[in-house]
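What you see is a predicted model, and the numbers here were worked out from it, not measured in a lab.
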Amino acid sequence: HEAYQRTFFSQSLLEAEQIYRLIEENVLSANSIGYRPLKAKRMPAQQGSLQKPGMFLEEVELLECSWVTVPANGEAIRACLD
């Protein structure tokens, strides 16, 4: 599954302009999200794997979304900037 984000920046704040420029220059190239699971199922264990099975999040409440330089999940790099 994928998620897409559209970011809107203030037209009156210098800080918003600075953040926009950092995104354009790929200094800020990923997102970090905060969420609350609302409905989840435990994933089945993979045979032969030493990792604990994760959770399949069927429904979440999005609490926040932030542009960051280093995401907690390395696969969260943005695809493009419109």
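Around the CD atom of Gln46, the shell of radius 6.0 Å holds no more than 12 heavy atoms that belong to other residues, nucleotides or ligands. For Gln5, the CD atom counts as densely surrounded, since its 6.0 Å shell holds more than 12 non-hydrogen atoms of other residues, nucleotides or ligands.
To the nearest 0.5 Å, atoms SG (Cys65) and CG (Asn31) are separated by 4.0 Å. One distance of note links OG of Ser29 with CH2 of Trp67; it measures 8.0 Å at 0.5 Å rounding. To the nearest 0.5 Å, the span separating CD on Glu17 from CZ on Phe9 amounts to 10.0 Å.
For the pair Arg21 and Glu25, the salt-bridge criterion is not met [side-chain N within less than 4.0 Å of a carboxylate O].
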* To do: With side-chain contact (heavy atoms from CB on, under 4.5 Å) as the test, would you mind laying out the steps for Leu28 and Ile19 before giving the verdict?
  => CA-CA 8 Å; Leu28 298 177; Ile19 292 168; 4.1 Å; yes

* Criterion side-chain contact (heavy atoms from CB on, under 4.5 Å) on Leu22 and Tyr20, from CA distance to verdict -> CA-CA 5 Å; Leu22 290 171; Tyr20 178 81; over 6 Å; no

* **Residues Arg36, Val60; criterion side-chain contact (heavy atoms from CB on, under 4.5 Å); working and verdict** => CA-CA 6 Å; Arg36 179 179 314 143; Val60 298; over 6 Å; no

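The closest donor-acceptor contact from the side chain of Glu58 to the backbone of Lys39 lies at 3.5 Å or more, if one exists at all. Side-chain N or O atoms of Glu64 include none that pairs as donor or acceptor with a backbone N or O of Leu62 at under 3.5 Å.
Closest approach of Met55 and Met43 over heavy atoms only: C-CG, 3.8 Å.
Ser10 meets the side-chain hydrogen bond (donor to acceptor under 3.5 Å, both in side chains) test with Ser12; sequence neighbours excluded.
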